[in-house]
Amino acid sequence: MMNDAKTLGDEVRVWLAEHWDAESRRAKSGGSLAEWMDQVVAAGWAVPSWPAEWWGRGLDKKSVSLIVNEFRKVGAPGAGQDRTNITANSVMQFGNDALKQKIIPEFLTGRASQCLLYSEPGAGSDLAAVRTRADLQGDHYLVTGQKVWTSGAQNADYGLLIARTDWDVPKHEGLSFFIIEMRQPGIEVRPINQITGDSHFNEVFLDGAVVPVENRVGDEGQGWKVMQTALAVERLVMGDGAGERRQGSSKNNVVSLIDIARETGKINDPVARQEIAQAMAYRKLNALNMLRAKQEMAQGSASPIMSLGKLAMSRILHEDARIMTKLMGAASMLDGPEHSLAADVNYRTANAYMTSIGGGTDQIQRNIIGERVLGLPRETEADRNVPFRESRAVTG
Amino acid sequence: MRESFRRLLAEKCAETDIRRVMASPGGHDADLWQAMANLGIVSLLVPEEFDGIGAGAVEMEEIMEEAGAALLAGPLLPSAFIAASLVSLSDDADAKARLLPAIASGQTIATVAFTGDTGTWSLTDISVTARPQGNVWVLEGEASFLLSANLADVLLVFARTPDGVGCFEVDPSKVQISPLVSWDPSLRMSKIALSETQAVRIAGVDSITFEQLIEIAVVALAGEQAGACRRIFDITVEYLKTRVQFGRPIGGFQAIKHMAADLLIEVESATSAARSAALALATDAPDKDVLISLAAFACADAFSQVAAASIQMHGGIAFTWEHPAHLYLRRARADAQLFGQSDAYRERFVAAMEKAA
């Protein structure tokens with residue numbers, strides 16, 4: 001085992017030395033990022049745990065970590081997408097061979113981008129209550145409905161779509177999962193104006209949009225299961241270093257609690273210092289938790305800690321904003337370019353909800369942790385065993 | 001070693017054992033202590049040249065997680081970890097040769113007097129004074145919150161001297177030791193009064209050694225808190241799955257389930273904080289101050305919060321003396337005071353972060 005690991009490490013290092021210039025952080029052959037990714041995919045580094053006939057090398061988790069680490073050391077992108085690429089993983093696990101051949105290379109090389117067509121106005125926390133319909137017409141489905149909270153919809157090539165194909169079975173059982181082309185007449189994208197003033201998200205209106213049968217991922221009725229797999233990949237990506245990356249969501253990312261306390265003359269106020277310490281501690285503790293989770297996962301054991309990251313981050317961001325507001329005092333009522341510090345704190349206050357609501361509210365997150373990590377009993381659902389057509393989601 | 005220690009504790013430090021030892025006059029299980037010595041737990045931090053294992057803070061923290069989970073009381077922390085560390089940190093070859101092998105074997109129990117009545121474990125809190133008299137030193141004053149002094153063969157007493165803070169080896173029989181009634185019945189705490197007490201100075205212990213000793217004590221205690229916090233949480237989650245009300249297990253109710261999810265963050269954070277502080281201490285990392293002060297308050301607060309919530313989540317059953325939840329609350333409240341309060345460490349943490357900013 002030790003020897004294998006050493007040999008594999010050597011192989012990756014040799015390959016990288018031949019193909020990647022660590023200094024300029026570019027492929028030695030020059031060319032675009034996608035062309036570099038072509039080389040990574042061809043060498044089997046992109047998805048090492050997949051079988052050799054599907055761009056992989058049939059390696060175990062530990063070996064993937066080893067490969068990813070070697071790539072990280074020299075700043076080379078593209079390795080280990082079997083852990084991170086949402087579309088490629090869903091298609092690989094559930095798609096038919098034709099779809100795999102067509103879609104996966106586009107995504108592994110970064111030539112195609114996706115958006116997520118999951119939430120609807122009537123299906124937020126209760127995601128299985130989607131009412132967008134996909135009706136089979138010969139060799140394709142016609143999709144009609146409304147999706148919401150879709151980021152990147154304007155630029156996406158494909159949408160990962162969950163839609164209802166059967167209305168006469170309970171809500172989870174009548175769903176199917178599709179990869180739909182976004183650039184077509186039946187799809188209209190409208191930006192949402194957020195409480196922050198930003199427009200990261202969109203509404204997507206589907207009116208007779210077309211998706212070929214071969215773009216269905218998994219069987220009809222398997223959509224919920226496929227989406228869970230996609231969500232698991234997404235959560236892993238989000239939890240991984242979520243802390244520091246999300247900090248950058250502030251408009252001008254220069255302020256820290258200590259900076260603001262200095263600027264507002266409260267740095268020596270013992271009460272303020274206690275609050276600042278606690279808020280900074282939450283952030284530091286989350287970073288230490290994520291570090292430990294990564295170490296545990298690198299050793300091959302699944303870590304439950306990862307699932308705590310989002311909930312922890314939500315508290316961090318709301319607490320930061322609350323304490324910053326307190327430090328600012330009356331000035332926090334102000335806004336605009338002439339008071340950029342207040343504007344930043346105000347932005348953080350509103351934007352913290354992106355984490356405490358987006359991707360599952362804190363309350364849903366607590367259900368998930370309670371049920372999946374701690375093994376507590378599931379929530380009761382009034383419509384769990386009712387044909388969807390008869391549920392309150394439809395009858396009102 | 002951690003595995004063997006866990007098995008030993010499962011066998012000899014179960015709840016019934018804890019309650020038996022708790023009710024005994026000495027608050028000490030000599031058989032368990034001997035078994036721990038045989039495993040090398042007692043000699044863990046003693047250097048190899050003095051018959052010890054020569055391990056460091058990381059191993060100490062792991063052992064303390066297990067000890068905390070089992071609510072082990074007695075001389076492990078004060079003698080094997082704190083007193084042994086103090087002697088090791090000194091420059092006193094005689095004291096090392098005399099004390100370390102004896103502490104390592106478990107035959108000698110030592111404890112450190114390093115706070116006065118205010119219980120802040122800070123240099124300013126030292127209220128014993130020492131003056132030279134011929135070849136010996138004479139000590140005067142009081143110290144408090146000594147752990148396991150009732151069992152001690154050696155007292156190591158911090159005192160003010162004409163040349164700064166020093167430490168002295170004192171024969172317990174020459175000191176008035178008054179037991180303190182502790183709310184955590186598993187702990188044995190004492191106050192000592194010294195009057196014209198002759199003592200031997202331990203060479204090479206000063207105010208820097210004092211701060212180093214506090215770091216070790218804090219990391220050990222953080223391990224205990226992290227381990228204890230996880231155990232009472234696990235006990236509580238198990239109960240949530242079996243206690244049925246309104247026709248279903250109470251863990252299915254969001255009011256309870258959401259409390260549990262929030263507490264899990266505290267439990268995992270305590271573990272991460274304690275372990276990273278131990279690693280920082282062992283490697284003398286540049287962010288050692290940040291991580292040790294963080295562990296001090298994060299672990300204390302997590303254990304306090306989880307132990308308190310566990311009683312609420314259990315309901316009436318945990319309001320009875322027979323249920324173990326209150327034993328964890330008692331330990332959590334004591335641990336939250338030992339070696340300094342959370343507020344003091346939050347201040348140290350923010351000061352260290354400020355320096356780095």
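Residue numbers begin at 1 in each chain, while the letters A, B, ... track the order of the sequences.
- Residue A:L374 is tested with B:L240, B:L263, B:L264 for a side-chain contact (heavy atoms from CB on, under 4.5 Å); the sole match is B:L264.
- In this structure, chain B has a heavy atom under 4.5 Å from the side chain of A:I267, while its backbone stays farther away.
- In this structure, A:P377 and B:G252 approach most closely via the heavy-atom pair CD-N, 3.7 Å.
- Looking at heavy atoms from C-beta onward, A:I369 lies out of side-chain contact with B:I265 at the 4.5 angstrom threshold.
- For B:A295, no part sits under 4.5 Å from any heavy atom of chain A, backbone or side chain.
- Applying the side-chain hydrogen bond (donor to acceptor under 3.5 Å, both in side chains) rule to A:S65 yields the partners A:R83; only residues at least two apart in sequence or on another chain are considered.
- Residues passing the side-chain hydrogen bond (donor to acceptor under 3.5 Å, both in side chains) test with A:K225: none are found, sequence neighbours excluded.
- The minimum heavy-atom distance linking B:F349 with A:A277 is given by the pair CE2-O, 3.4 Å.
- A 6.0 Å sphere centred on CZ of B:F253 holds more than 12 heavy atoms belonging to other residues, nucleotides or ligands.
- Considering all non-hydrogen atoms of both residues, A:L288 and B:A273 come closest at CD1-CA, 4.3 Å.
- Proximity to chain A is absent for every atom of B:I256, based on heavy atoms less than 4.5 angstrom apart.
- Here A:E120 pairs with A:K147 under the salt bridge (charged side-chain N to carboxylate O under 4.0 Å, His left out) rule; sequence neighbours left out.
- Considering only heavy-atom pairs separated by less than 4.5 Å from chain A, the leading option among B:L294, B:I250, B:V237 is B:L294.
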Can you check whether chain B and chain A share any donor-acceptor pairs under 3.5 Å, and give the atom names and distances if they do?
{"residue": "A:R262", "atom": "NH2", "partner": "B:E354", "partner atom": "O", "Å": "3.4"}
{"residue": "A:R273", "atom": "NE", "partner": "B:E347", "partner atom": "OE1", "Å": "2.9"}
{"residue": "A:R273", "atom": "NE", "partner": "B:E347", "partner atom": "OE2", "Å": "3.0"}
{"residue": "A:R273", "atom": "NH1", "partner": "B:E354", "partner atom": "OE1", "Å": "2.9"}
{"residue": "A:R273", "atom": "NH2", "partner": "B:E347", "partner atom": "OE2", "Å": "2.8"}
{"residue": "A:R273", "atom": "NH2", "partner": "B:E354", "partner atom": "OE1", "Å": "2.9"}
{"residue": "A:Q274", "atom": "OE1", "partner": "B:R346", "partner atom": "NE", "Å": "2.8"}
{"residue": "A:Q274", "atom": "NE2", "partner": "B:D343", "partner atom": "O", "Å": "2.8"}
{"residue": "A:Q278", "atom": "OE1", "partner": "B:R346", "partner atom": "NH1", "Å": "2.7"}
{"residue": "A:N289", "atom": "OD1", "partner": "B:S272", "partner atom": "OG", "Å": "2.4"}
{"residue": "A:N289", "atom": "ND2", "partner": "B:S269", "partner atom": "OG", "Å": "3.1"}
{"residue": "A:R292", "atom": "NE", "partner": "B:S272", "partner atom": "OG", "Å": "2.8"}
{"residue": "A:R292", "atom": "NH2", "partner": "B:E268", "partner atom": "O", "Å": "3.0"}
{"residue": "A:R292", "atom": "NH2", "partner": "B:E268", "partner atom": "OE1", "Å": "2.7"}
{"residue": "A:R292", "atom": "NH2", "partner": "B:S272", "partner atom": "OG", "Å": "3.2"}
{"residue": "A:R315", "atom": "NH1", "partner": "B:E266", "partner atom": "OE2", "Å": "3.0"}
{"residue": "A:R315", "atom": "NH2", "partner": "B:E266", "partner atom": "OE2", "Å": "2.9"}
{"residue": "A:Q363", "atom": "O", "partner": "B:H258", "partner atom": "NE2", "Å": "3.3"}
{"residue": "A:R366", "atom": "NE", "partner": "B:D262", "partner atom": "OD1", "Å": "2.7"}
{"residue": "A:R366", "atom": "NE", "partner": "B:D262", "partner atom": "OD2", "Å": "3.0"}
{"residue": "A:R366", "atom": "NH2", "partner": "B:D262", "partner atom": "OD1", "Å": "3.3"}
{"residue": "A:N367", "atom": "OD1", "partner": "B:Q254", "partner atom": "NE2", "Å": "3.2"}
{"residue": "A:N367", "atom": "OD1", "partner": "B:H258", "partner atom": "NE2", "Å": "2.7"}
{"residue": "A:E371", "atom": "OE2", "partner": "B:K257", "partner atom": "NZ", "Å": "2.6"}
{"residue": "A:L374", "atom": "O", "partner": "B:K241", "partner atom": "NZ", "Å": "2.9"}
{"residue": "A:P377", "atom": "O", "partner": "B:K257", "partner atom": "NZ", "Å": "2.8"}
{"residue": "A:E379", "atom": "OE1", "partner": "B:Q254", "partner atom": "NE2", "Å": "3.4"}
{"residue": "A:E379", "atom": "OE2", "partner": "B:K257", "partner atom": "NZ", "Å": "2.6"}

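- Counted within 6.0 Å of CG on A:L291, heavy atoms from surrounding residues, nucleotides or ligands total more than 12; the atom is thus considered enclosed.
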